[in-house]
Amino acid sequence: MERRNLTVIHEFVLLGLSTSEEQQYFLSILFLCMYLVTLSGNTLIILGIVSDSSLHSPMYFFLSKLAFVDICFVSTTVPQMVVNGLSNARTISFSGCLTQLFFFISFVNMESLLLCLMAYDRYVAICHPLHYKALMNPHLCVTFLHALLHTALMAHLSFCASNIIHHFFCDLNVLLKLSCSDVSYNVIVIFAVGGLLALTPLICILISYGFIFSTVLKITSTQGKQRAFSTCGSHLSVVMLFYSTASAVYFSPSSSHTPQKEMLSAIMYTMVTPMVNPFIYSLRNKDMKNAIQKIFYKGTVFY
């Protein structure tokens, strides 16, 4: 039997968004600015909700948690990418890659569950307003089991060929392509467990909005309809942006995957979505705008 010499890989090389150093430097500066905008916007959302007692309701409770998750979500990938792009040190250790993968999947799951809970919140507020306080108790329990499962399966794979990752972070699909082991169990987990965790919240969201639209159409006054739809428009925009880009990466046929398409979709749901969430929710919400204005007013007076 012929024996093969297998080189065990202890680190990966993240090529980033471009092989050109000049383009990589420019893109790193651009995404650093986007990252700072994301941190500032979501922090303002959290501070505005915490500082204004009129916003201490389940709807804004979930919004503040979404803002916090967005900060954590974007912080799992962007800082590493910016440091690599500015320093040209594009390596990441195997353990560091698995750690990034674990937290990335965890916060993706949290984002999906929070969007589902926010849809249910709108359903209760519009369809059962008299029972709103009784049904909506601000409590959130999130498990890391799904992320731990993916990370554990990835840790048992062998990487003996190339260690070059054509991406700006350790994404699940990209790592599976580099493995020289049998990845059939990993693929099954992605489509079975991952699909269940992704589709269940999405189905709940669609069912919630089905009941919401049915109830809104029964409202006789035009002003009442507009007010009901305005409270849902922001959430629907975020749901469509998040699920459409995430599903394009993980649930589309592998034959259609290219590094450019995967990175573009990843940029949309890992950087663009967390960045635009504060603008979507604050610009369409008068209470949220007033709370943020109060923060700046107090800061100006203090200064």
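The first residue in the sequence is number 1, and the count goes up from there.
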Return the [atom1] to [atom2] distance between [X] and [Y], rounded to the nearest 0.5 Å.
{"X": "Leu113", "Y": "Glu111", "atom1": "CG", "atom2": "CD", "answer": "10.5 Å"}
{"X": "Tyr123", "Y": "Ile126", "atom1": "OH", "atom2": "CD1", "answer": "11.5 Å"}
{"X": "Ile205", "Y": "Arg122", "atom1": "CD1", "atom2": "CZ", "answer": "13.5 Å"}
{"X": "Met275", "Y": "Cys33", "atom1": "CE", "atom2": "SG", "answer": "10.5 Å"}
{"X": "Leu30", "Y": "Gln23", "atom1": "CG", "atom2": "CD", "answer": "12.5 Å"}
{"X": "Ile92", "Y": "Phe12", "atom1": "CD1", "atom2": "CZ", "answer": "9.0 Å"}

[X] with [Y], same ILVMFWY side-chain cluster at under 4.5 Å:
{"X": "Val78", "Y": "Phe26", "answer": "yes"}
{"X": "Val83", "Y": "Met81", "answer": "no"}
{"X": "Leu44", "Y": "Phe279", "answer": "yes"}
{"X": "Leu115", "Y": "Phe213", "answer": "yes"}

Minimum heavy-atom distance between [X] and [Y], given as atom pair plus value:
{"X": "Pro274", "Y": "Thr38", "value": "O-CG2, 3.6 Å"}
{"X": "Val69", "Y": "Phe107", "value": "CG1-O, 3.7 Å"}
{"X": "Ile46", "Y": "Ser64", "value": "CG1-O, 3.8 Å"}
{"X": "His167", "Y": "Asp171", "value": "NE2-OD2, 3.9 Å"}
{"X": "Ser28", "Y": "Gly85", "value": "OG-CA, 3.2 Å"}
{"X": "Cys127", "Y": "Phe211", "value": "SG-O, 3.6 Å"}

Query raised in the report: Pairs in or reaching into residues 69-84: which pass side chain to side chain donor-acceptor pair (under 3.5 Å), with residues at least two apart or in two chains?
Result: Tyr35-Ser75, Asp70-Asn277, Gln80-Asn84
Can you check whether [X] reaches [Y] side chain to side chain, under 4.5 Å on heavy atoms?
{"X": "Leu117", "Y": "Asp121", "result": "no"}
{"X": "Leu14", "Y": "Thr91", "result": "no"}
{"X": "Phe242", "Y": "Val108", "result": "yes"}
{"X": "Leu86", "Y": "Ile29", "result": "yes"}
{"X": "Asn290", "Y": "Gln293", "result": "yes"}
{"X": "Met110", "Y": "Phe73", "result": "no"}
{"X": "Leu241", "Y": "Val276", "result": "yes"}
{"X": "Phe31", "Y": "Met271", "result": "yes"}

Query raised in the report: Between Cys170 and Cys97, is the SG gap short of 2.5 Å?
Result: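 Yes; the two sulfurs sit under 2.5 Å apart.
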Query raised in the report: Is a side-chain N or O of His235 found less than 3.5 angstrom from the main chain of Met118, in a donor-acceptor match?
Result: no
Query raised in the report: Does the Ser214 side chain pair with the main chain of Gly210, one donor and one acceptor, at a distance under 3.5 Å?
Result: no
Report task. Can you label the angle between the Phe169 ring and the Phe104 ring as parallel, tilted or perpendicular, going by 30° and 60°? Result -> tilted
Requested in this report: May I have the step-by-step check of side-chain hydrogen bond (donor to acceptor under 3.5 Å, both in side chains) for Tyr243 and Ser112, ending in yes or no?
Outcome: CA-CA 8 Å; Tyr243 276 102; Ser112 180; 2.6 Å; yes
Test side chain to side chain contact (heavy atoms under 4.5 Å, CB included) applied to [X] - qualifying residues, sequence neighbours left out:
{"X": "Met288", "answer": "Ile45, Ile49, Leu55, Tyr60, Leu63, Ser282, Asn285, Ala291, Ile292"}
{"X": "Ser95", "answer": "Ser93"}
{"X": "Thr99", "answer": "Phe103"}

**Report entry** side-chain hydrogen bond (donor to acceptor under 3.5 Å, both in side chains) against Ser87, all qualifying residues, sequence neighbours excluded
**Finding:**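 With sequence neighbours excluded, Ser87 shows a side-chain hydrogen bond (donor to acceptor under 3.5 Å, both in side chains) to no residue whatsoever.
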Report task. Identify, with sequence neighbours excluded, every residue that meets side-chain hydrogen bond (donor to acceptor under 3.5 Å, both in side chains) alongside Thr273. Result ->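 Scan of Thr273 (side-chain hydrogen bond (donor to acceptor under 3.5 Å, both in side chains), adjacent residues dropped) gives none.
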